[in-house]
S.K.: 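Sharing a structure, written as structure tokens. Questions coming.
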Amino acid sequence: MMNQRIDPVPSGAVVAAADDLTKVYGEGEARVIALAGVSARFRQGEFTAIMGPSGSGKSTFMHCLAGLDTPTSGSARIGEIDLAQLDDARLTKVRRERIGFIFQAFNLLPTLTALENITLPAALAGQNIDRKWLDHLLATMGIADRLDHRPAQLSGGQQQRVACARALASRPAIVFADEPTGNLDSRSGAEVLALLRSASRDMGQTIVMVTHDPVAAAHADRALFLADGRIVHEMPRPTTSAVLEQMKHLDAHQPSASL
Amino acid sequence: MFRAAFRTLRSQFLHFVMPAIAVVLGVGFATGSLIYTQSLDEAMTLATITSQPDVSVIVRPDASPGSPDGPLDDRLLDRLRALPGAAAARGTAEGRSFLVGSDGALVGSLGWAGGVNYVASADGRDHRYPITAGRGPHDRGEIAVDRRSAERAGYRVGEQVRIVVNGTARDARLVGVFTAHDPRLTAGGSLTAFDTATARRQFSPTPDGYTAITLTAASGTSEEILAERAAKLLPPGLEAVTRSALDAEAAPADDKLSMLLLGFAGIALFVSTFLIANTFTMLSAARAREHALLRAIGATRSYVMRLVLAEALLVGAIASFAGYLLGIGVAAVLNTLFGTTVDAAPPLRFFTAGPLLAAFAVGIGVSALSAYLPARRASAVAPVAALRTGSPATPASLRRRNAAGLAVTALGALLTLAAIGTQDLLYIGPPVLMVGLIILTPLLAMGLAKAARAPLTRLAGMRGTLAAENARRNPRRSGATATALMIGFALVCTITVGISSLSHHAEQEAENRMAGDLRVTAVDFADISADTAGRIARLPGAEAVTPVIDAPIRLADDRFLQASAVNPAGVARLGALTVLQGSLEHLDDGVAVTEDAATAHGWKLGSRVSGTFARDERKIDLPIVAIYDGPDTFTPALLSTRRLPTARTAADRPFISAVFVKAAPGREGALRRDIQRALDNPALLVQSRAEVRQEAGRPFVPLMNIMYALLSITVLIGALGVVNTMSMAVYERVREIGVLRALGMDRRRVGVVLWLESAVISVLGAGLGVVVGSLIGAAAVLSQEGAALVIPWTRLAFFFAAAVAIGVLASLGPGSRAARIPMLRALRSPVE
């Protein structure tokens, strides 16, 4: 069916890594430290949830790691490439060729059909998509009969599945999902999470998901908890209740931390 | 209301920049035209009123034809002078007199080059022409000229100067320089003063006559009473006209210029309405939720509508003010632009009520009018929209609009086609066609974008697909944007096709009228003297010479025969005529007619042509000695100059339209130089066949350029419309652009998508404009009888390319702004 090696055990090569990442916004009085030195490794086929309360820096962390934002110091690597060393053009190229994105607001292009949206990253990179792989993906995502529809003609869940297919289609080194279930009802959300789960397990796709939803985090292989710009906890095989517990704990400390 | 509008304006400042600029340009153009034409009118009126303050009543030949003019002589002058209530009477002998500058060129505006008589009073001065240097002229060898012309010509008192009177150039001594209040000077002409005897010989119908007699009313006598008394003394054919009637005659006749300028300003304003409407539509859509919220908390529909209209009014008011300031600059430009042709720039009056009122009325009116529909649509938003999330309501279907557009376009096309046969339809057909196309542009925009999708995708991959899709996602806006470009380019092309054809036609005509190798003609308003042909004939290398003199004949059956008098031997040797029957040998004793004329009048060789010369009613009765065919100049009938009645008076002087010359083989160049040297008259042009052709087309070049200059404003506004649309597109699609950037589209390509979209819209506007403009131009040309259609393909292709280039250039600004959008902020943008 496919030449991807299936490796259910997330112990493969390091696909992405952050080393002592810091990110500071503003200067003087308005200075805000969003990341205060974050290090993490993401291995082949691993599905990681990044959790944390609002303002914990989890989005900033993802943005820096995904080449959407540049860190103030430290390094963010995708494979052997240190994103911090790249200019905008090279960063763009890395995003195009090695990274997939899933957004909370779906962010499909309204003028393109579902299929065109899915093949958009490959088209931007000037690559051809392996047709067999694409068919497989479409079947998995359950949108094979919606390909000629425009986003406005699709339900939210369908749109997000198209967005998932878009992120996975070019088989990027890593997929970043930013609150992928945030705009969905619980059933559609569960479908999308199951798809991500299976992409990681069955296709060996490395996925990093930012979320504040413990149910979503429970689908991941592990959860990283951020607070005040630092990783404060790592939880392997998270469950909803364990994550919830950890979050309560973090929330309890939040006020003191911010003072 | 206005405070809220003002706040919106401030916060959305950038969105209003383009529409405001469009209004500023339109208002500036309109007020500039008004300021200029008003200043011109006022200057002319002022000049007329203040000119020759001593004139209360003028006695002159009346305009009625047929009645012989009574003598305007010294006896009449004495009797008029003796009238009770006449303080003074003066005989004037005026005509055309050209001054040759020290550079050999004629000075000033030729249409206003006057020769006048200097009447020294007891103290040796003429109060009508006060001398500022030197003295008044005493005899034929002396002249005085107005100060400005003397300066322009580079002459000082005491110098020998050259003048041209009645077609002859001669030298005279400049003995004085004067100033004068005279409309001819205001219009950029020159005045040359002669002593009265010389002036009478030159200009009066009879050597002891005048061209007019002016009376000065004594204090206590009104012009009307004086005119009445004078009229009683006058023989038939003369009239006494009061000063006020005279001034009324001189009232600005140049309404055409102001109509033309205002017409073009109107077009510019019309085009800007599309830009304004686009902006307000976009803002209404972007602020639909805000308006819905207002409605939800209790604002009425009309409140929301007034809110939007108030914004338009504010934009209009601010833009009107700026437009007025621009108008002052435009007036100055127009003043120099047209001032150079008439060589007189009137002082501009910058702040008068008319233009000021017009500026604000037009600016505010245009803004409010263009914002009306968007405002109504904005007010129609349902309060519940405030609670809805997601995409805004889909716009209304275009089906009805498209059907109407198709119908109107078809009607317009039919009417335009029909105009080829019925000229009057030219004023209806093309406008209807344009309106139809304007209605239809959304459909066309969708169609073109759809058709362009595949080729653009092949050409530019995903960028092409996105560009084509974006161009059709808001067909109304794309259509309105294309419309703005279309109107400008349609007019440019209509004018290009029209004027090119006219110019070609004129060249062809000129060539058809040409005979021999060289042609001598007088510049506009000047004459060829009677001895010109004779002088040329005496030059070595002049093989054949003939003048062509107008000699219209009223036939016995009251029909007119536009005959010309020529030198029979000259015409025969010129070799321009094909004699079909008879011979030109006996033309001295007969008439030659063209075959067409012979057919029309039922003449044969030997028939007698009898009637009277239209000029002086003298009888003519001659046999037809030849039937011929030849260039238009020599049609439809010829007779010998010897048959012309000899001129009894200066007014009878025959009008020589041209002198044709055939040179001995190889002598053309030398002969031409000899003629120029012999005549030594800058008011005469000596031209070869090629130059005659060129000369005929020459006046069309500046005409076309002026049209282009006037239309450039409209085209500029069209281009601003594209900038505006692309800016709005960037504003609306911030998030999409963010997504594309995140997915790996680099900055350059973001710009490329935008300029491809812009190119699609511009191709639509330019293509429609060029095609429709050319068609309308062609219809206009074909509706003129005898005109041949000339389509300047390269120029039209250039306009098309220019229009597309404008579109692409217009997208560069918004494109680079789009490329600079910070990606993360774009991704978080709430805008759909």
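Protein chains get the first letters and strands the later ones, always in sequence-line order, with residue 1 at the start of each.
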S.K.: Would you say A/D88 and B/R747 make side-chain contact, with heavy atoms under 4.5 Å?
M.R.: yes

S.K.: Go through B/A468, B/G738, B/G461, B/A742 and name the one with the most non-hydrogen pairs under 4.5 angstrom from chain A.
M.R.: B/A742

S.K.: With chain B as the partner chain, list the residues of residues 172-188 of chain A whose heavy atoms fall under 4.5 Å from it, by residue number, and write 'none' if nothing qualifies.
M.R.: none

S.K.: Heavy-atom distances under 4.5 Å only: say whether A/L120 touches chain B with side chain, backbone, both or neither.
M.R.: both

S.K.: Please classify the contact of B/R741 with chain A as side chain, backbone, both or neither, using a heavy-atom distance under 4.5 Å.
M.R.: both

S.K.: Test A/R150 against B/E469 for side-chain contact (heavy atoms from CB on, under 4.5 Å), laying out the working first.
M.R.: CA-CA 12 Å; A/R150 310 244 161 183; B/E469 286 297 332; 3.0 Å; yes

S.K.: For a side-chain contact (heavy atoms from CB on, under 4.5 Å) check, start with the C-alpha distance between A/T111 and B/T465, then their side-chain angles and the critical distance, and finish with the verdict.
M.R.: CA-CA 9 Å; A/T111 51; B/T465 317; over 6 Å; no

S.K.: Looking at chain B, which one of A/A123, A/P110, A/A125 has the largest number of heavy-atom pairs inside 4.5 Å, strictly under?
M.R.: A/P110

S.K.: Within a radius of less than 6.0 Å around NE2 of A/H149, do more than 12 heavy atoms belonging to other residues, nucleotides or ligands occur?
M.R.: yes

S.K.: Answer with side chain, backbone, both or neither: which region of B/M823 has an atom nearer than 4.5 Å to a non-hydrogen atom of chain A?
M.R.: side chain

S.K.: Could you tell me which residues in residues 806-821 of chain B have at least one non-hydrogen atom under 4.5 Å from a non-hydrogen atom of chain A, sorted by residue number?
M.R.: none

S.K.: When you measure from the side chain of B/R735 to the backbone of A/N107, do you find a donor-acceptor pair of N or O atoms at a distance under 3.5 Å?
M.R.: no

S.K.: Is there a donor-acceptor pair under 3.5 Å between the side chain of B/R749 and the backbone N or O of A/L124?
M.R.: yes

S.K.: Give the intermediate values and the outcome of side-chain contact (heavy atoms from CB on, under 4.5 Å) for residues B/L824 and A/H63.
M.R.: CA-CA 8 Å; B/L824 286 175; A/H63 291 154; 3.5 Å; yes

S.K.: Decide yes or no for B/M462 and A/L112: does some side-chain heavy atom of the first lie under 4.5 Å from some side-chain heavy atom of the second?
M.R.: yes

